[in-house]
Structure formats: structure tokens, C-alpha cells
2 protein chains.
Amino acid sequence: MIENKDPIKSDNLTARLIEAIVNGEYPPGSKISEPELARVFDVSRGPLREAMMRVESLNLVERVPHVGARVVTLSLEKLVEIYAVREALEGMAANLACKYITDSEIEVLEALLNRHQSHIEEVDGASYFYQQGDFDFHYLIIQASKNHQLIALLCDQLYHLVRMYRYQSPRSHARPEKALYEHFAILNAIKARDPELAEMLMRRHIKNSRLLIENELLEE
Amino acid sequence: MIENKDPIKSDNLTARLIEAIVNGEYPPGSKISEPELARVFDVSRGPLREAMMRVESLNLVERVPHVGARVVTLSLEKLVEIYAVREALEGMAANLACKYITDSEIEVLEALLNRHQSHIEEVDGASYFYQQGDFDFHYLIIQASKNHQLIALLCDQLYHLVRMYRYQSPRSHARPEKALYEHFAILNAIKARDPELAEMLMRRHIKNSRLLIENELLEE
DNA sequence: AAACCCACAATTGTTGACAATCTAGTTGAT
DNA sequence: ATCAACTAGATTGTCAACAATTGTGGGTTT
């Protein structure tokens with residue numbers, strides 16, 4: 001079976017552009033020059049512009065006609081708004097997951113959380129690892145909802161912005177012990193097939209993350 | 001003050017394409033030929049493809065590399081998924097609206113609902129008018145949330161699919177009296193600044209709409 | 001008759017060039 | 001000296017032609 005790597009420049013470009021923006025290679029607010037990027041990515045401006053249109057749809061860049069595109073700047077207000085949306089959507093995801101999650105998916109989640117627990121006990125404050133693990137947990141819950149619209153909205157759109165913020169935030173927003181405790185509570189509710197409880201716990205979990213970020217930023 | 005009509009073909013095209021697809025000019029499942037559409041809209045394939053990328057991001061068309069794009073087909077399953085997302089997001093919108101809605105916005109909503117009541121009393125089953133009115137009500141609540149991410153997600157993305165379905169559905173999914181009653185209940189909760197109640201009522205309202213659609217389709 | 005292969009037409013992906021618009025630097029006037 | 005207008009350069013928007021891939025139809029083989 002040959003690995004079918006997309007030879008379509010426009011499609012590959014989109015993913016590469018997203019990565020470059022999310023990890024800060026093109027920092028927030030910086031101008032994006034079409035000729036320059038076309039040179040960097042070794043494509044013509046045609047496919048590049050097509051990719052830009054998609055990236056714009058993801059709200060990663062903002063375009064002004066005849067002027068150009070800039071990487072979005074993540075204000076505190078915007079991030080709070082995003083977390084409100086996450087709260088609603090991931091709450092629903094946890095709710096739906098109670099009905100649709102499979103036994104094997106539950107096993108994967110349990111293994112993941114156990115691994116997190118070990119790591120936290122070993123190295124206190126393994127924050128980078130934890131952030132990735134936090135993403136994994138939320139990802140799996142969202143997937144378990146089996147709602148493709150929900151999955152697309154969260155994983156293909158919102159999470160790029162969330163990742164962009166975490167990558168570039170000087171602070172570490174991790175609170176490993178408490179968050180892990182909340183993750184276990186959510187998983188237990190899902191295992192008990194209790195949609196209302198699972199949704200409520202997920203919403204509280206995300207609200208706590210939001211409050212943490214708000215406080216950290218307000219301290220400055 | 002001169003009306004600044006966008007002379008940018010690529011941008012205008014996107015809106016025109018969306019309208020054409022939503023109102024069924026290009027029916028679900030039909031193939032979209034780039035040369036043909038370029039002729040119809042009197043543009044080159046360049047701007048047309050840029051518009052197509054955006055329309056694809058809205059999930060109104062599905063593209064296969066080197067094959068082409070087709071208008072999405074709205075299955076019952078997909079619609080149910082969309083309504084679950086609406087339930088989560090519009091519930092949150094009602095919740096937030098309790099905090100951020102202005103007095104003038106409340107007045108507009110009250111006037112809207114009163115107008116609906118009059119119309120329903122006059123002509124029994126003014127279903128077309130009601131459907132537009134239903135959109136207006138939900139639109140205003142969403143706007144009142146003042147959450148730009150939420151507004152963009154619902155008004156700029158999801159609602160195109162909902163409108164597409166309503167336009168093309170042979171049946172009228174209106175249940176004017178009950179829906180109007182629910183609208184009044186939601187508005188009252190918002191006026192009382194009761195976020196939990198407003199969210200709960202909005203979610204029930206949308207769930208009722210979903211159940212109605214499910215039943216109507218299952219009858220066939 | 002059914003299945004396979006091959007060439008042809010049509011469509012998609014990509015490119016480079018051209019036109020329209022914005023930005024910046026310079027010149028000139030008050 | 002400050003501000004406005006103009007010009008030059010660069011950037012964005014658009015186009016038409018070229019390259020690559022897919023689907024189709026006919027012809028051959030089993």
C-alpha cells in the first residue's frame with residue numbers, strides 16, 4: 001500500500017500555513033506578503049491565495065481588500081469568547097459521548113489518564129507533556145461524540161486558535177493535578193452513561209481553564 | 001455617502017455562490033463545473049476557485065482532488081447533527097444574552113414577537129412568513145450574546161446549511177403557535193436575566209424543532 | 001458477451017504575465 | 001516647518017494559457 005501523499009500544492013499548503021501560523025513562525029499581527037510566501041513555499045501565487053482563503057475561513061488571518069492579510073492577534077477578549085464556545089460545544093460532546101462512546105475508546109481514555117497520573121507523580125509539573133495530554137483527552141472525547149459537524153467545528157477550526165494561544169503564551173496554563181482530577185471525573189460520568197453530569201463537569205472544567213487564563217493575564 | 005459596493009469579484013462571488021446553492025439553483029449532489037460557473041458568473045477560473053475554497057469551508061460543497069466539487073447532500077443524519085450543534089451554541093447564546101442584551105434589543109424582540117402573534121391570529125398558518133420570522137428571532141438572540149466567535153460560527157456558517165434545508169424541504173416545518181409560545185418564554189427568561197432558564201428553554205425549543213423534522217421525515 | 005487496455009476529450013491544478021490599487025517618499029506650496 | 005499633492009514602487013486582484021489527471025469510448029482479447 002503506497003502512502004498517498006497529496007501532491008496537490010493548494011491542499012498541502014493550507015496545512016503548512018496553519019502550522020506556521022499556529023507555532024508562531026508568523027507572529028500575530030504580522031503582515032503576510034503573497035510574493036514572499038510564494039517564494040518560501042515554492043509555489044505560485046494562485047495556489048497560495050487559495051490556501052489563504054481557507055486559512056482566512058479558520059479565522060487565523062484577517063484580510064483587507066487590496067491591502068493584504070495579517071495574522072490575527074489573540075486578545076484576552078477573543079480568547080474568553082472562544083472558551084465560551086468551547087464550553088458549549090465540548091459540553092455537548094461529553095453529553096453525546098455518553099451515548100456513543102465505544103468500550104475500546106473508553107479503554108484508550110483510561111490508559112491516557114493513567115499515564116498522565118504516573119507522569120505527574122514522577123516529574124512534578126511536567127507542563128509541556130501535560131498540555132499535549134490535555135489536548136489528547138479533549139480530542140478523544142470530541143471524537144467519541146460521533147457528531148461529525150461538532151468534530152469538524154472543534155478539531156478543524158476552534159482548536160487551531162486555542163493551540164496558537166498556548167504555543168505563544170509565555171506562561172504555562174497547566175494546573176496538572178486539578179485538571180487531571182477533573183478529567184477522571186468526566187470520564188467516570190461518561191462511563192456511567194450520565195449525559196447531564198458529563199456535560200456539567202466538562203463545562204465546569206473548561207470554565208476553570210478560562211478563569212485561570214483570565215487571572216494569569218490580569219496579573220500583568 | 002457613496003455606497004461602497006465591493007468591486008472585488010472573488011468576494012462578491014462567494015456570497016452569490018452561497019445564495020445560489022442555498023436556494024437550490026444548484027441542487028444537492030449536482031456537480032459544479034468550474035468552466036461552466038466561470039461563464040455563468042462572468043469571471044475567470046482564478047477568482048471562482050478562491051470563492052469555491054471559501055464555500056467549501058462552509059461545508060456547502062465537497063471537493064475531491066482532480067475530480068471536482070459537488071453540492072453537499074443534506075441527509076437526515078447530518079441535519080440532526082447540525083441541530084445538536086445549534087442546541088449547544090444557541091443555548092449558550094441565550095445564556096450570554098441575559099447578561100449582555102440591551103434594552104433596545106429587547107424592545108426589537110418584543111415588537112417582532114408581537115407582530116408574529118398578530119399575523120398568526122390573522123392568517124392561520126402563514127408558514128412562509130413565520131419561517132423568516134423564526135430566523136429573525138434566533139438571529140437577534142445570537143447577536144445579543146455579543147460573542148463574536150459565536151455569532152460568526154452560527155450566522156456565517158451553520159445557518160447557511162439550515163436555510164438550505166428549509167428552502168428545499170418540500171414540507172413546512174413550521175408549528176407557529178407552539179414555537180411562538182416558546183419564543184415568548186425564552187424572551188421572558190432573558191428579560192428576567194435568568195441565564196440557566198433561558199439556556200434551558202432555548203435548548204428545548206431547538207430540540208422540539210429537531211424532533212419535528214425527524215418525525216416528518218420518518219413518515220415517508 | 002464480458003473484461004481489459006489504450007487513446008482522446010474534458011476537467012482540474014498551476015503558472016506567469018497584466019491591470020488595478022495601495023503605500024511611501026519626494027516635491028512643492030502655504 | 002507643516003501639510004498636501006504627486007510620482008514611483010510594490011502589492012493585490014484578475015486573466016488566459018499550459019501541465020497533469022481523470023473519465024469515457026472504442027477496440028481487442030479471452
Side-chain angles (χ1 to χ4, degrees), chain A residues 1-21 25-73, chain B residues 1-21 25-73:
Chain A
M1 189 70 68
I2 301 169
E3 189 63 27
N4 195 3
K5 63 191 298 284
D6 256 336
I8 290 174
K9 297 186 178 179
S10 169
D11 291 355
N12 271 352
L13 250 185
T14 308
R16 290 210 279 165
L17 254 177
I18 291 172
E19 258 335 276
I21 291 174
E25 204 167 325
Y26 296 94
S30 63
K31 183 159 189 328
I32 292 183
S33 160
E34 291 182 4
E36 183 192 335
L37 244 71
R39 236 187 40 243
V40 171
F41 287 108
D42 194 38
V43 284
S44 178
R45 279 181 52 225
L48 179 90
R49 280 175 61 88
E50 293 180 4
M52 288 284 298
M53 298 296 161
R54 296 200 247 205
V55 176
E56 186 193 8
S57 294
L58 297 175
N59 295 315
L60 288 175
V61 303
E62 284 171 347
R63 287 167 41 84
V64 179
H66 292 286
V67 173
R70 292 186 170 281
V71 179
V72 291
T73 60
Chain B
M1 189 72 68
I2 301 170
E3 189 63 27
N4 195 2
K5 64 191 299 285
D6 257 335
I8 292 175
K9 297 186 178 180
S10 167
D11 292 355
N12 271 351
L13 250 185
T14 308
R16 289 210 279 164
L17 254 177
I18 291 172
E19 261 332 279
I21 290 174
E25 203 167 325
Y26 296 94
S30 63
K31 183 158 188 330
I32 292 184
S33 159
E34 290 182 6
E36 183 191 334
L37 244 70
R39 239 188 37 245
V40 171
F41 287 108
D42 194 38
V43 284
S44 178
R45 279 180 53 222
L48 179 91
R49 280 175 62 88
E50 293 180 4
M52 288 286 297
M53 297 297 160
R54 296 200 247 206
V55 176
E56 186 193 8
S57 293
L58 298 174
N59 295 315
L60 288 175
V61 302
E62 285 170 348
R63 287 168 44 83
V64 179
H66 291 287
V67 173
R70 293 187 169 279
V71 179
V72 292
T73 59

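Proteins get letters first, then strands, A, B, ... in listed order; numbering begins at 1 in each.
Taking atom CD of B/Glu56 as the reference point, atom C1' of C/dT12 lies 14 Å away to the nearest angstrom. B/Glu36 places its CD atom 13 Å from the C1' atom of C/dA10, with the value rounded to the nearest Å. Whole-Å rounding puts the A/Arg39 CZ to C/dT15 P distance at 15 Å. Between the CE atom of B/Met53 and the P atom of C/dT14 there is a distance of 9 Å, rounded to whole Å. The interatomic distance linking A/Arg45 (CZ) with C/dA20 (C1') rounds to 12 Å, in whole Å. As rounded to whole Å, 8 Å separates atom P of C/dT12 from atom CE of B/Met52.
Contact annotation: B/Arg49 reaches the phosphate of C/dG13 (side-chain N/O to OP1 or OP2, under 4.0 Å). Taking only side-chain nitrogens and oxygens, B/Arg63 comes nearer than 4.0 Å to OP1 or OP2 of C/dG13.
In this structure the side chain of A/Leu37 reaches within 4.5 angstrom of the side chain of A/Tyr26, judged on heavy atoms.
Minimum heavy-atom separation, B/Met52 to B/Ala69: CE-CB, 3.4 Å.
Residue A/Ser30 forms a side-chain contact (heavy atoms from CB on, under 4.5 Å) with just one option from A/Val61, A/Ile21, A/Val71, and that option is A/Val71.
A/Gly46 comes within 4.0 angstrom of a nucleotide base, judged by non-hydrogen atoms across all strands.
Nearest nucleotide to the side chain of B/Glu50, out of C/dT12, C/dC22, D/dT14: D/dT14. For A/Glu34, taking side-chain heavy atoms from C-beta onward, the closest of the listed nucleotides C/dG13, D/dC15, D/dT12 is D/dT12. Here D/dT21 is the nucleotide among D/dG23, D/dT21, D/dT14 with the atom lying nearest to any side-chain atom of B/His66. Closest to the A/Lys31 side chain, of the nucleotides D/dG13, C/dG13, D/dT11, is D/dT11. Among the nucleotides D/dT12, C/dT14, C/dT12, the one closest to the side chain of B/Pro35 is C/dT12. Here D/dT22 is the nucleotide among D/dT12, D/dA16, D/dT22 with the atom lying nearest to any side-chain atom of B/Val67.
The backbone N or O of B/Gly29 lies less than 3.5 Å from a partner atom in the side chain of B/Arg70, making a donor-acceptor pair.
Using a cut-off of 4.0 Å between Lys/Arg side-chain N and Asp/Glu carboxylate O, B/Glu56 and B/Arg63 are scored as salt-bridged.
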